[in-house]
Amino acid sequence: MIRQRVKNIIDACVEQGISEGIWSEAVAGKYTIEVPKREGQGDFSTNMALVLAGIHKGNPRQIATQLVSLLEKETEYIEHLEIAGPGFVNIFLKPMVWQHALFSVFEQRGKFGLSSVGTNRKVMVEFVSANPTGPLSVGHGRQAILGDAIARLLTATGHDVFREYYFNDAGRQMRVLGESTRARYLELLGLPSQFPEDGYQGDYIQDVAREMITEHGDALKDHADVAPFTVKAKELIFKNISGTLGRMGIIFDNYYNEHTLYEKGLVDAVVADLRSKDLVYEKEGATWFKTTAFGQEQDRVIIKSTGEPTYRLPDIAYHREKFRRNFDWLINVFGSDHIATVPDVLAGVRALGYDDSKVTVVLHQFVTLLRDGKQVKMSTRKATFITVDELLDEVGVDVARFFFMMRKADSQLEFDLDLATKESQENPVYYVQYAHARICSILRQAEDKGVQKRPIIEIDTTLLVAPEELQLLKSMNSFPAMIEEAALGLAPHRVIFFLMELAGQFHSYYNKHKVITENIALSQSRLCLIEALQIVFHNGLHIVGLTAPQEM
RNA sequence: GCACCAGUAGCUCAGCUGGAUAGAGCAACGGACUACGAAUCCGUAGGUCGGGGGUUCGAAUCCCUCCUGGUGCACCA
């Protein structure tokens with residue numbers, strides 16, 4: 001907000017310069033205004049002179065001097081100006097500008113930081129979408145948290161968000177799941193059995209088999225159809241998955257079942273439509289989709305010679321349905337192992353006449369667990385992976401959420417269990433939460449000591465002049481823009497970094513300045529400051545699904 | 001072989017999409033509580049931003065190339 005105001009001032013001065021014929025209008029819109037990294041370089045700075053000099057081979061410092069003489073007339077916000085380095089114009093604002101930021105925090109309270117950029121934009125976030133063949137592993141955990149945090153951020157910025165889980169309950173994998181279950185069932189009954197070569201080896205399959213024995217005894221031992229086994233396994237595993245998601249506070253608006261695509265004839269429809277556009281052909285008994293027409297190296301099979309579709313076909317049908325359901329933005333959160341499917345699906349929707357630029361795929365890299373400084377080996381085949389449930393048992397929901405959000409999706413994530421289980425010191429989760437709890441504690445303390453809390457209008461905010469206080473005010477002021485950038489950039493890790501930074505600033509401030517002192521007016525101003533901080537911590541933590549404890 | 005991602009302090013990672021003297025947390029070392037909560041703070045030390053070219057006023061950031069690691073490149077999902 002303040003940034004925008006400063007930008008307006010600069011824009012006006014540049015306009016004036018252009019109309020007076022000092023500068024060419026080629027600069028308009030080319031320069032930026034930013035927050036300098038280093039102290040002493042002002043609250044904001046602009047590279048306008050450098051940009052203009054670049055266009056006309058002029059002298060940047062001379063242009064900067066002209067700009068400064070125009071800006072100098074703006075005395076309401078600007079305290080003073082400096083020309084620095086190669087030709088940056090550094091702008092120092094009056095402290096009052098920042099002190100005023102407190103007002104909007106208190107005006108908006110729980111809504112401070114929320115925005116409306118996404119108003120009237122209907123967006124679907126598809127995430128997790130794990131096959132119901134086993135419990136969620138830590139990789140799914142990252143995806144679940146990432147997807148949920150993205151959804152929360154988008155909600156916070158006014159989007160109409162719909163969370164969906166694509167439930168893959170058709171095809172070969174389900175059959176193998178049923179066969180695995182039957183084999184365990186027979187095994188537990190002491191009967192001869194043959195475990196499928198690529199079967200699911202996890203203990204949870206035996207749990208399903210045990211459940212079936214309780215329900216049916218040995219009545220199914222000669223049953224030719226695997227269906228009852230598949231159905232039961234799917235049911236129990238799904239219950240397990242949704243239970244895990246529930247523990248993490250993740251609620252989907254819809255589970256989209258793959259089999260409904262077949263029931264409604266939507267899969268066949270895709271083939272027919274592609275065929276009518278001459279994008280499908282038969283070869284070696286299989287049906288191929290001409291993905292080479294969309295820049296790929298080779299065509300892809302969509303129906304195997306056995307008559308079974310490959311995974312891409314229902315995927316394309318599913319995405320077409322998403323378009324038909326009128327979303328403005330389709331976000332898919334996938335593990336990086338699904339990278340190969342992305343171009344196929346995009347080619348599919350494009351072939352069907354939809355705008356694939358509405359689809360954004362967030363690919364996240366893998367998670368490695370670290371215990372005692374060593375990597376924990378995991379194998380899905382042998383079912384030696386660590387499940388999300390086990391992780392939650394060990395570190396708790398807040399810590400798991402926080403750690404999964406700490407890295408940008410593009411980076412591999414190293415989850416250090418030793419650090420995560422530490423209840424103190426270096427655990428960054430508590431570092432942030434402690435800042436919030438500490439503020440709550442000071443506010444309680446003030447109440448006990450009888451220091452009156454006063455409404456913001458009666459507070460003398462000009463008493464907040466310590467460098468640390470101004471820094472805190474600036475950080476708070478940048479909170480809404482940060483949320484917006486994190487949301488639109490689908491980057492929850494930015495919120496985490498912001499909160500850690502703010503917590504650091506607060507802890508330093510706390511150690512340097514006393515909030516409650518003999519000086520009543522100053523104490524009240526500082527109480528206001530930290531109450532505003534409390535609001536920011538609370539909102540920031542909640543926006544990404546973390547709790548803000550009052551005490552720890 | 002091809003595609004995508006990553007390579008930044010001893011370790012784990014940021015770096016606001018091209019800005020000024022590259023940052024933080026751990027780890028190391030030295031300090032600060034008869035208390036607004038020490039789950040905290042202050043200080044010291046630590047760098048050829050993987051290598052090499054290029055683009056320009058200016059590059060960790062953009063382009064090319066090479067090296068290393070991860071993930072894919074099925075008539076598995």
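Worth knowing before you read on, the calculation uses all heavy atoms, side chains too, and leaves out hydrogens, waters and symmetry mates.
- Pairing for B:U56 is absent, with no Watson-Crick or G-U wobble pair whose two atom distances lie under 3.5 Å.
- Pairing for B:A45 is absent, judged as Watson-Crick or G-U wobble with the two contacts each under 3.5 Å.
- The CG atom of A:Leu50 lies 14.5 Å from the NZ atom of A:Lys30; values are rounded to the nearest 0.5 Å.
- OP1 or OP2 of B:G15 sits under 4.0 Å from a side-chain N or O of A:His493.
- Side-chain nitrogen and oxygen atoms of A:Lys304 include at least one within less than 4.0 Å of the OP1 or OP2 phosphate oxygen of B:C76.
- In terms of phosphate contacts, A:Ser441 brings a side-chain nitrogen or oxygen within less than 4.0 Å of OP1 or OP2 of B:G37.
- Distance noted for atom P between B:G70 and B:U65: 23 Å (whole Å).
- Using bins of under 30°, 30° to 60° and over 60° for the plane-to-plane angle, the ring pair A:Phe506/A:Phe537 lands in the perpendicular bin.
- For the pair A:Met406 and A:Val51, both in contact range of RNA chain B, the more 5′-proximal nearest nucleotide belongs to A:Met406.
- Only the C1' atoms considered, B:C2 is 46 Å distant from B:A45, to the nearest whole Å.
- OP1 or OP2 of B:G23 has at least one side-chain nitrogen or oxygen of A:Arg38 nearer than 4.0 Å.
- In this structure B:U68 sits in the anti conformation; its chi angle is more than 90° from 0.
- Using atom C1' as the reference point in both B:A3 and B:G47, the two lie 32 Å apart (nearest Å).
- Regarding contacts with the backbone of B:C41, a side-chain N or O of A:Tyr431 is found under 4.0 angstrom from either OP1 or OP2.
- Looking at heavy-atom distances under 4.0 Å, A:His513 makes contact with a base.
- Contact annotation: the side chain of A:Phe44 never approaches that of A:Asn90 to less than 4.5 Å [non-hydrogen atoms, C-beta and beyond].
- Using a 4.0 Å heavy-atom distance criterion, A:Ala84 is classed as a base contact.
- Side-chain to base pairing of A:Tyr434 with B:A39: no donor and acceptor N or O lie closer than 3.5 Å to each other.
- Checking A:Tyr165, A:Tyr311, A:Tyr166 one by one against A:Tyr318, the ring-ring contact (aromatic ring centres under 6.0 Å, His included) holds for a single residue, A:Tyr166.
- Separating the CZ atom in A:Phe289 from the CG atom in A:Asp299 is a distance of 9.0 Å, to the nearest 0.5 Å.
- Here A:Tyr510 counts as stacked on B:C36: its ring centre is under 5.5 angstrom from the base ring centre and the planes meet at under 30°.
- Here A:Phe88 counts as stacked on B:A20: its ring centre is under 5.5 angstrom from the base ring centre and the planes meet at under 30°.
- If you take atom C1' in B:G54 and the same atom in B:U21, they sit 25 Å apart, rounded to whole Å.
- Between A:Lys512 and B:C42 there is no side-chain polar atom (N or O) within less than 4.0 angstrom of OP1 or OP2.
- A sub-4.0 Å separation between OP1 or OP2 of B:C42 and a side-chain N or O of A:Ser508 is present.
- If you check every strand for non-hydrogen atoms under 4.0 Å, A:Asp169 touches nothing.
- Taking CD1 of A:Ile303 as the start and CD of A:Glu282 as the end, the distance is 7.5 Å to the nearest 0.5 Å.
- In this model, no side-chain donor or acceptor of A:Thr310 finds a partner on the base of B:A74 within 3.5 Å.
- With hydrogens and angles left out, the side chain of A:Asn47 and the base of B:A20 share no donor-acceptor pair within 3.5 Å.
- For A:Ser411, no side-chain nitrogen or oxygen approaches OP1 or OP2 of B:U12 to under 4.0 Å.
- The aromatic rings of A:Phe92 and A:His80 lie parallel to each other, their planes meeting at an angle below 30°, with 60° marking the opposite boundary.
- A:Thr32 comes within contact range of no nucleotide atom at all, as no heavy-atom separation falls under 4.0 Å.
- In this entry B:U71 has B:A3 as its Watson-Crick or G-U wobble partner, both defining distances falling under 3.5 Å.
- Taking atom C1' in both B:A39 and B:A35, one finds a spacing of 15 Å when rounded to whole Å.
- Sequence order on RNA chain B of the closest nucleotides to A:Arg444 and A:Thr341 puts A:Arg444 first from the 5' end.
- Taking 3.5 Å as the limit, the base of B:C5 and the side chain of A:Gln412 contain no donor-acceptor pair of atoms between them.
- Between the CG atom of A:Leu443 and the P atom of B:C36 there is a distance of 15 Å, given to the nearest Å.
- Contact check, A:Gln445 against B:G37: a side-chain N or O comes under 4.0 Å of OP1 or OP2.
- Under the Watson-Crick or G-U wobble criterion, with both distances below 3.5 Å, B:C26 is paired with B:G10.
- Here the separation of B:A6 from B:G50, taken at their C1' atoms, is 11 Å to the nearest Å.
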